[in-house]
Structures are given as structure tokens and as C-alpha cells.
Amino acid sequence: MFAAAAQYLVSGLTVGATYGLTGLGFTMIFNTTGIINFAQGEFVMLGGMMSVFFRTWLGLDLFSAILLAVAVTALVGAAMERLTIRPIQGSSPINLVIATIGVSILIRGAAMLLWGKDTFSLPPFGGTAPIPLFGAAVQPQSLWALAITLALLTALKLFFSASIHGKAMLACACNRKAAHLMGISVARMSLFSFALSAFTGAVGGAILAPITMTSYDVGMMLGLKGFAACILGGLGNPFGAAVGGLLIGIMESFGAGYVSSAYKDAFAFVVLLLLLFVRPSGLFGKSGAERV
Amino acid sequence: MLALENVDIFHGRIHAVRRVSLHVDPGEIVALIGANGAGKTTLLGAISGLVRVGGGRILHKGDAIQTLSPDAVVRRGISQVPERRLVFGPLSVEDNLLLGAYTRRGRARKADVAADREAVYDMFPVLRDRKKQAAGTLSGGEQQMLAIGRALMARPSALLLDEPGMGLAPAVCKEIFRHIVKLRDERGLTVLLVEQNAKSALAVSDRGYVLETGRILLQGPSEELLANRDVQRAYLGRERDAL
Ligand SMILES: Nc1ncnc2c1ncn2[C@@H]1O[C@H](COP(=O)(O)OP(=O)(O)O)[C@@H](O)[C@H]1O
Ligand SMILES: [Mg+2]
């Protein structure tokens, strides 16, 4: 009984780490540009799929393949901003959001043409022998996933709280006119936020690929869960998005374990809807939601 | 120092600024007076590189600057304190000041930036008391002080102020204006002061321009404008309340 619960908890946290990183990506772009980027899930897909591709087709070792995949995805994010967001900058937010939906369809289509409809998997990062923990058998990959997520969170937290560039990104979110007047290049910050979000999403995709299989179309559901994670945590709050992702992962895992795995994807959204009725600003959002 | 030559600015079809020429000499405080919608903010936006001019030139120290980006304008030494202050609400007072020095990153030593921050705190001690507080929690007057301090962090030689007295109690407004004069007297700062409140702006400025629906209507030494009957009728006295 207890062992099963521990097992669900660990696997929930593992998957939740990727949801959290996806949510974090949403948050960073939203905070800098005010846009909800619905291509965020595709960045996660690209992180996993390109790692597979670079490893098997280019013959790179796992570590180099992942590094390259993450770097290329960051470039894809930057290119997306440059080619689709910048040209229509200043049009209404809904147009910008629709552009991101267009990009997500494009990326998914390109991935299908390139890699087909098969599912792929990455080998675990190190060690396959399960580690016993409170009666559960923990896959080393789960620990990798959590450790990498934690490291990335810490780095981002430092970036936003201690570096002038991080603060400048926050300033763009507060007020674009004032940011311009400080001499902050708002266009460059917007570009950078897309690259950084793509990077974060790709890391999430790469750490998840050894645990669940990956294919050209995993981005849609991962994107939705990541979006749910940042709504759960309070839109605009990076820490909340990460915790929201972990919570959704745990809810899913327990729901699948104790109720039925057929409804796995639904649990998160049901809980999210319930929460939004009770606390529309999210768990960690300021009530009143003064953000626009 | 700063000069506009026959500047035209359009917002789509709206001809917001019409063939405006004005100049601000080094160390001068020049007031730009005009009712709501006269084109004052648009004009400052053009100087700061936020709005493109449709015609004419903006000169700074002899160079045309009307095509520069906002950060290039700040780097040249022209900073703006925007209308409604626009402090970064969720960020701390200290971070707001730090962002004011954004264009100096990599060029200025950290110690110099810290010294300038202390100078702002000496000028507005209330900001020092609240340096860890989110800027959005400050009162209107305190936010205005922060917005001015933030602009000074770029070490400008010219300061553009867009209605710094807006929404402030008369005593607070007076205090802000006193600091603007002090900045000119002590640092030789050149100031272009935009105001709807003609009386207080003309009281502290050397010269003034009156802008009406995008055109310069009157210009001259501030005392003369204060004494001018048209100005008195339109911007002072009884009818001021109607503006
Ligand atoms: N972004 C904009 N888009 C369209 N029209 C604008 C914009 N900003 C200002 N205007 C118009 O330009 C004119 C001048 O506005 P503004 O410069 O804000 O005047 P002031 O600062 O003197 O109140 C007004 O008619 C205003 O409606
Ligand atoms: Mg104005």
C-alpha cells in the first residue's frame, strides 16, 4: 500500500518535472512579451525527438546529442520570434497567440515529415538498476530528471533575481514604454525569452524521453499540461509554474494508479477547473490578478 | 543642446505635431505648456526615439537624432521621466534604480553605479527607507521621485519630464519642482519640462513654449508668458479648471 503510493509519487514527480519546465517556458515568454505561446509543447517535443535523431542518425553520444538538441531548439525558438512574432508586433494579443498556434502546427507537421509517425525512446542518462526508496523502486532516470529540473530552476531564479539582464526582462513585462526609456532593447529581450523558453522546454523533453516514449505529436498534450501547470501556479509566476507542474504530475500518477489509467490525462484538467472556480488567480497568484 | 526643426509627427491619420521648432540651451529649464491632447507626450516620444517623426529634424549637440533607437538616445545623455511615472511596480525601488543604469552596464564600474544610487537616496531619503519595497506600493509623490531618480541613474545631461506634477498634492508637486531646479543649479542639467499646469511650470522655468493642437502658439521668457493675457486666459486663472 505504502510502497505503491511512494511509487506513484516518484513517477508523478518525474513526469511533473517536464510539465513544470514546460510551464516555466510559458511563464518566461508571457512575462516578457505578454504572449501565451502555444508552440511551447513543440519545443518539448523537439528536445526529445532531436536528441533521438542526433544520437541515432549522427551517431553522437547521448550527452552531446542532448546538448545539440537543446541548442538547436533554442535556435528554433529564436527563429520563431524573429520570423512570426516580430513582423506582427503591435497587433492585438489574440493575433499573436494565433500565430503561435500556427507555428505549433507547422513544427508538428515538419517533425512528422522528417521522422515519421513512429515512437522513439532515449536510453536513460546513467544507471538502470532501480534504487529502493521507502519500498518503491526508483529508476535512476527519475533522479536525473528531478536533479536537472532543480538545477535549471535554481539557475533561472538566480538569473531573474541577481542579473541585470534578468531584471531587464522583468522590466519589459511590467511596462514596455518604460523599458524602452531605460535603454532596454525590448525586441532583443523578446527574442531572448523565446530562445530561453525553447531551451527550457527542450531540456524537459530530453529528460522525459527515456521515461515515456516520444513521437512527433507529444507536444500537444505536453503543451496543454504545461499550460495547466502555469495556470495552476498563477500565470506569470515561474516558481508557481514549476510547482504546478509537479502537482499535475502527481495528481495524474495517483489518479492513474488508484482510479483508472484510462482517464490519466483528464485528472489534471478536472482538478485545474475545480481550482479555478475556487481560486481564479492560481495557487500562488496574487488574488485580484492585476496582471494584464 | 537640443533643438527641433519643423517637426511633424503623425499617429496614423492624426497630425499630432505640426511643424514644431523649439530649442533648449545647455543648463536651461524650458517649459512646454499645453492642454490635454496638444501633442506634448508625442513630441517627447519623438525625442526619445519611441515615435518616428514624419518630417523635420531633431538635433542634439549638432547631430540629427530623429532616427536613433531609444537606447541610443539614452546613451547620448537624454533621459525621459514618462507621463504617469511608469515605475516597474513589482520590482523593488533598488532594482528600479539599477535598471535606470542599464545602458551603463559593462561601461561603468559597479562602485560608480552604487555611488549614483546613494546620491539619489540622498536627494530623496524616503526612497532609501523603502529601497527593498516593491515600487508599486509607493505613494504617487514617491513614485515620481523614483521615476526621476531612475532617469538620473543613466547620468543624463538632458532630462525630459512629462507632467511630473500630474495627480500630486500641491505641496508634493512643489517639492518635486524644487528638486528639478536644484538639479539644474547643482549639476547643470538641461531640462525640458512638459506641463498642463502652466503656473507652476512657468514659475521654475527660464523660457516657455505654448503648444496648442500640435502647433507652437507662443514662446518667450517665462515671466513674459506668465504676464501674457492669452496665456492667462487659456492656461491660468479661472479657466484653468476647465482644462
Ligand atoms: N498611440 C497613439 N495612437 C493614435 N493617436 C494618438 C496616440 N498617442 C497620441 N495620439 C493622439 O495624438 C494627439 C496628441 O496626444 P499626446 O501627445 O498624448 O498629447 P498630450 O501629451 O499633450 O496630452 C491626441 O489627439 C491623441 O489622441
Ligand atoms: Mg501627455
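Labels below follow one simple rule: chain letters A, B, ... track the order of the sequence lines, proteins then strands, and each chain is numbered from 1.
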Heavy-atom neighbours of B:Met123 CE exceed 12 at 6.0 Å: yes
Atom pairs (donor, acceptor) spanning chain A and chain B, under 3.5 Å:
residue	atom	partner	partner atom	Å
A:Lys167	NZ	B:Asp95	OD1	2.8

Check: B:Leu99 and A:Leu170 side chains under 4.5 Å, non-hydrogen atoms: no
Chain A contacts, top residue of B:Val74, B:Leu91, B:Leu86 (heavy-atom pairs, under 4.5 Å): B:Leu86
Nearest atoms (heavy-atom pairs only) where A:Leu181 meets B:Pro82: CD1-CB, 3.7 Å
Minimum heavy-atom distance A:Ile164-B:Leu98, with the two atoms named: CD1-O, 3.8 Å
